[in-house]
Number of protein chains: 2
Amino acid sequence: MAVATIRDVAQAAGVSLSSVSRALNGGKHVSARIARDVAAAADRLGYQPDFTARSLRTRTSGMVGCLVSDIANPLNATIVRAAEACLRDAGYLLVVASTANDPTRERTAAIEFRGRRLDGLLVAPGSNANAKTWRDLGAAGTAIVILDRDPLEDDDDNRWPAVLVDHRAGAKAATRYLTGLGHRRIALLTADAEMRPSRERIAGFREVFAEAGIDPAGAQLCLQSSPMDFAHSDALALLRRDDRPTAVIALGTRILAGVLRAARDIGLSVPGDLSVLSVGDTDLAAVHTPAITALRWSLEDVGRAAAELLLQRLRGDIGRAQYRALLPVDLVLRDSCASPKTN
Amino acid sequence: MAVATIRDVAQAAGVSLSSVSRALNGGKHVSARIARDVAAAADRLGYQPDFTARSLRTRTSGMVGCLVSDIANPLNATIVRAAEACLRDAGYLLVVASTANDPTRERTAAIEFRGRRLDGLLVAPGSNANAKTWRDLGAAGTAIVILDRDPLEDDDDNRWPAVLVDHRAGAKAATRYLTGLGHRRIALLTADAEMRPSRERIAGFREVFAEAGIDPAGAQLCLQSSPMDFAHSDALALLRRDDRPTAVIALGTRILAGVLRAARDIGLSVPGDLSVLSVGDTDLAAVHTPAITALRWSLEDVGRAAAELLLQRLRGDIGRAQYRALLPVDLVLRDSCASPKTN
DNA sequence: AAGGTTGCTGAAAACGATTTCAACAAGCGG
DNA sequence: CCGCTTGTTGAAATCGTTTTCAGCAACCTT
């Protein structure tokens, strides 16, 4: 016998299977004597319940899935780590999958998750192509929490739980800071403009230009053409233009690397010739010389909040369950931004 | 009825449960007619098998666990991503857990995994405290692959599958490069010296000193005292000494950040006053000014090789199964190393 | 044409837990 | 002392699948 089953424990304790089950699951309706005997027998046999069997009966797997575009991206990885720690403390296991922003892989993974009867799902959809999939999954009983993406809204009574970061406020603070330094031509390098979080950031960026009455032509939006080269070639093209911006906001750490490399290649000094501001703080931003001014929010908090939101649903206190967590963004001032040269 | 079961399919197709099961599992002993009818019925009902029930019967879960110290560390995260992609293609799900190098959490997670009947485990043990746990798990039928750590050796016939990176050769190449430039006082900053991979690197480092007949007193080994500050304070202390090294090898990317910050704080220029070499290549090393010379190996390959090794076991071709994969390390020459000033 | 082999089929037994239900004992009020 | 409630117990059903086994028909060999 490889591993002890509940049957063995019952036999060893001299009671019935049902009593063992009750005793082990903190049960009511168990006498002190049986509780003691069962605990002793279970301990002696090194009994460990079989989650597979339990799942089959209870129709819950004790597992939660996490679907992000790329688990190797430090931003995602940090969120995953925090969520995993929370969930594990609550007795859940975390299953991960990377989608590479491919809607098909996203859908396939979701279906796979459903087959495995995962209880919950943390997901950062790469597009809104799979809205129906999420809805079906939710209807089938899976608790879903959206990670910093545009949540689907069915109607007022049926909102989707989501953890959101206040990128709009962050972008406004950053833009105000740069316009305050005197910048009038600011470029926004981004991989995407359609969805959260980029859309929110762009909106905040534009709001400030409008509020301050600055010529909106100075607000340059650069969509990254090739997602694979870390924005390097796009940044090169941008910085070689005659009317090149005096400041660049890099929407994403992979993009920051491309911008910095491009500036170095062309021989532009930061912040003398070009101010650089990173959206998202990493080792690279903090350690680079000069240190890069950055927008920062707590990825740990995102992961933790997502796990908490999900656990609320899984525990079934839907009544008082929150739907939204909105996390703040800070502007970390460092040395990569200065007033533009007057020329 | 929320979701269709095999029973519903059987009824819809007008055959027995067993026939459906056989038909669906690519079975022999199924007539063409039944195969067709079952496929049609399953398709029409949107049938998806319940892995929970299947697991209970077949005693395999179709899931693989991954246990690393910190899944948010880009090195681990990249490995995990590659492994996950491989495993998913083979129909397995990947469950992750971070151990924070705490042997207790490591053991707890392993036990949890066993309760969930995970089929396999990719693990980078933080110490050899849990050797017995791994052995028990292996004996209970879990396929285990070790990730770039010292594998346990039971005896010649019972070796543990492992994916190893040739850190010793890498360290030798790096050290030879630095001694070739004229360095005689080289510091090795590391968080750990007992285990792979650090131990291998240190060994390689020392070998070169011995071979070249260089005064071994110049080979300074600095163990990071506080693991949380990215080696910053240790690097500061080291660089302030009168006999400070002319070159530093940072064994790990978190350590590289600390070294670079310390050099900047003190006002040492790289590579003028100090040569810096990173073990492990990241955005930070590639983009920093000056760009940091680094040892690089393919994390994708590590993850992929680990998944392949594991899949071999899971498929049961133990006969011709490999035990070891040894992956090469490259020295990427950049701008952070130069000959020391003569003084 | 008898006997044997093959190939397909469905009934039923697992897998290991939870949960329902009925039986039973004890305690209590009338 | 009877009936009723309360609390504990174990037998048995259940979750959805795979797998064993026996039955049966068809085909082949002699």
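Note that these values count all heavy atoms, side chains included, but never hydrogens, waters or copies made by symmetry. Chain naming here is simple, since letters A, B, ... match the order of the sequence lines and numbering starts at 1 in each.
Heavy-atom contacts from other residues, nucleotides or ligands closer than 6.0 Å to CD of B:Q11 number 12 or fewer. Surrounding CZ of B:R324 are more than 12 heavy atoms belonging to other residues, nucleotides or ligands, all under 6.0 Å away.
Residues from residues 41-59 of chain B with heavy atoms under 4.0 angstrom of DNA chain C, sorted by number: B:L56, B:R57, B:R59.
No side-chain N or O of A:S18 forms a donor-acceptor pair with one of A:S21 less than 3.5 Å apart.
Using a 4.5 Å heavy-atom threshold, the side chains of A:L24 and A:V38 count as touching. Taking the side chain as every heavy atom from C-beta outward, A:I71 and B:V80 approach each other to under 4.5 Å. Side-chain contact between B:V123 and B:I144: present, with at least one pair of heavy atoms (C-beta onward) separated by less than 4.5 Å.
In this model, the phosphate group of C:dT18 is approached by a side-chain N or O of A:S21 to a distance below 4.0 Å at OP1 or OP2.
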Worksheet entry | Candidate pair A:R304 and A:E308, rule salt bridge (charged side-chain N to carboxylate O under 4.0 Å, His left out), full reasoning | CA-CA 6 Å; A:R304 206 160 21 224; A:E308 292 297 342; over 6 Å; no

Practice prompt. Please step through salt bridge (charged side-chain N to carboxylate O under 4.0 Å, His left out) for the pair A:R33 and A:D37, ending with a clear verdict.
Written response: CA-CA 6 Å; A:R33 183 185 60 81; A:D37 289 358; 3.6 Å; yes

Discussion item. Please evaluate residues A:W134 and A:R107 with respect to the criterion side-chain contact (heavy atoms from CB on, under 4.5 Å), reporting the C-alpha separation (whole Å), side-chain torsions for both, the decisive distance (0.1 Å), and the verdict.
Written reply: CA-CA 9 Å; A:W134 312 131; A:R107 219 175 67 86; over 6 Å; no

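The minimum heavy-atom distance linking A:A77 with B:A77 is given by the pair CB-CB, 4.2 Å.
Atom CZ in B:R33 sits about 18 Å away from atom P in C:dG7, given to the nearest Å. In this structure, the CZ atom of B:R117 is 11 Å from the C1' atom of C:dA17, given to the nearest Å.
At the heavy-atom level, A:L17 lies nowhere under 4.0 Å from the strands shown. Here B:S18 lies in heavy-atom contact (under 4.0 Å) with a base.
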Close N or O pairs between protein and nucleotides 21-26 of chain C (under 3.5 Å):
none

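DNA chain C is contacted by both B:I34 and A:V20; B:I34 maps to the nucleotide lying nearer its 5′ end (nearest heavy atom per residue).
With a cutoff of under 4.0 Å to any heavy atom of chain B, the contacted region of DNA chain D is bounded 5' to 3' by D:dG16 to D:dT20.
Geometric assessment of B:R313 against the ring of B:Y323 yields a positive cation-pi assignment under the 6.0 Å and 45° thresholds.
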